[in-house]
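Every chain is numbered from 1, with letters handed out A, B, ... down the list of sequences. The figures here come from the full heavy-atom set of this structure, side chains too, leaving out hydrogens, waters and symmetry mates.
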There are 2 protein chains.
Amino acid sequence: MSEYEHTCMIRGDGGKTLRAILDQICNKWTLLIVATLDQGTLRFSDLVQQIPGISQRMLTLTLRNLQRDGLVDRAVFAEVPPRVEYTLTAVGKSLIPPALALAGWAIEHVPHIEESRKAYQSGS
Amino acid sequence: MSEYEHTCMIRGDGGKTLRAILDQICNKWTLLIVATLDQGTLRFSDLVQQIPGISQRMLTLTLRNLQRDGLVDRAVFAEVPPRVEYTLTAVGKSLIPPALALAGWAIEHVPHIEESRKAYQSGS
DNA sequence: CGGGATCCTATATGATACTG
DNA sequence: CAGTATCATATAGGATCCCG
């Protein structure tokens, strides 16, 4: 039943490699931006509108990181007013299935987790 | 090619539900602890030894959260010296496959990401 | 329109010392 | 052994204003 032979992928080098990547992915906005860009190419203002609550600052920062890591392409058009379009790269798209796996797990277990939290509260 | 129909799982309610759970999972130690506990039942001191760099404080805090969320069982034995054993619950174990999926993605793309970072640096 | 620059706060994490 | 308590710090994230 145990998957111990495989969890070395997580524990690996003490989890360093994995966590370095995970830190980039599991911040507040990355998955949301990637999931939104799965629709296709979008402009900066499109992303602001479609991602509720994100600030310009965090959108810019997160997009820069995604671009730096090669998950997103950034195309600037020399027009007035300026136009900048963002598109998922192949690597960016490849992140979606594992992200969905985690999202599926989370959504599937939300009821159990919330129940457990209530029981824990009343217990202590 | 697009998985847009499915990414609503991520975007859902603006990502709120997913991120509430993700915040618990993607902190510095949670996945490492869960992966370590996949071996089976372990004592507090076992975890300290097997997880390099973790402090007693963070191990305690993270274990409490996992226990509260029903991912880990905590068993206290009234002995001297005290013995406390931690075990993954079924829900806790169920987190491992999606975690492995993400870990697999990360490890598979580390080379590409590092390459992209170097290119980004020299570009700017 | 698409940011950059600046300031600010909350929180996660760490170090250390103490205890039943 | 398995924590708790306290203090300190780094950083993520947010608010606001300005610019080409």
[N] [atom2] sits how many Å from [X] [atom1], rounded?
X       : N      : atom1 : atom2 : value
A:Glu85 : C:dC1  : CD    : P     : 15 Å
B:Leu61 : C:dT13 : CG    : P     : 9 Å
A:Leu47 : C:dC1  : CG    : P     : 14 Å
B:Arg43 : D:dG3  : CZ    : C1'   : 13 Å
B:Leu59 : D:dC1  : CG    : P     : 14 Å
A:Leu63 : C:dG4  : CG    : P     : 10 Å
B:Arg19 : C:dT11 : CZ    : C1'   : 13 Å
B:Arg64 : C:dA12 : CZ    : P     : 17 Å

With no hydrogens and no angle check, do the side chains of B:Thr62 and B:Asn65 hold a donor and an acceptor under 3.5 Å apart? no

Using a cut-off of strictly less than 4.0 Å, decide whether [X] has a side-chain nitrogen or oxygen near OP1 or OP2 of [N].
X       : N     : value
A:Thr60 : C:dG3 : no
B:Arg74 : D:dG3 : yes
A:Tyr86 : C:dG3 : yes
A:Ser45 : C:dG2 : yes

Along DNA chain D (nearest heavy atom to each residue), the more 5'-positioned of B:Arg83 and A:Met58: B:Arg83

Using a strict threshold of under 4.0 Å (side-chain N to carboxylate O), is an ion pair present between B:Arg83 and B:Glu85? yes

Of the nucleotides [options], which one has an atom closest to the side chain of [X]?
X       : options               : answer
B:Phe44 : D:dG3, C:dG2, D:dG14  : D:dG3
B:Arg57 : C:dT13, C:dG4, D:dG3  : C:dT13
A:Gln56 : C:dC1, D:dG3, C:dG3   : C:dG3
B:Asn27 : D:dG3, D:dG14, C:dT13 : C:dT13

Taking all non-hydrogen atoms of both residues, which atom of A:Leu88 and which atom of A:Val34 are closest, and how far apart? CD1-O, 3.7 Å

Between A:Lys28 and B:Arg19, the two heavy atoms sitting closest are O-CD, 3.1 Å

Between the main-chain N or O of B:Ala20 and the side-chain N or O of B:Asp23, is there a donor-acceptor pair closer than 3.5 Å? no

Comparing A:Pro81 and B:Pro82 on DNA chain C - which has the more 5′ nearest nucleotide: A:Pro81

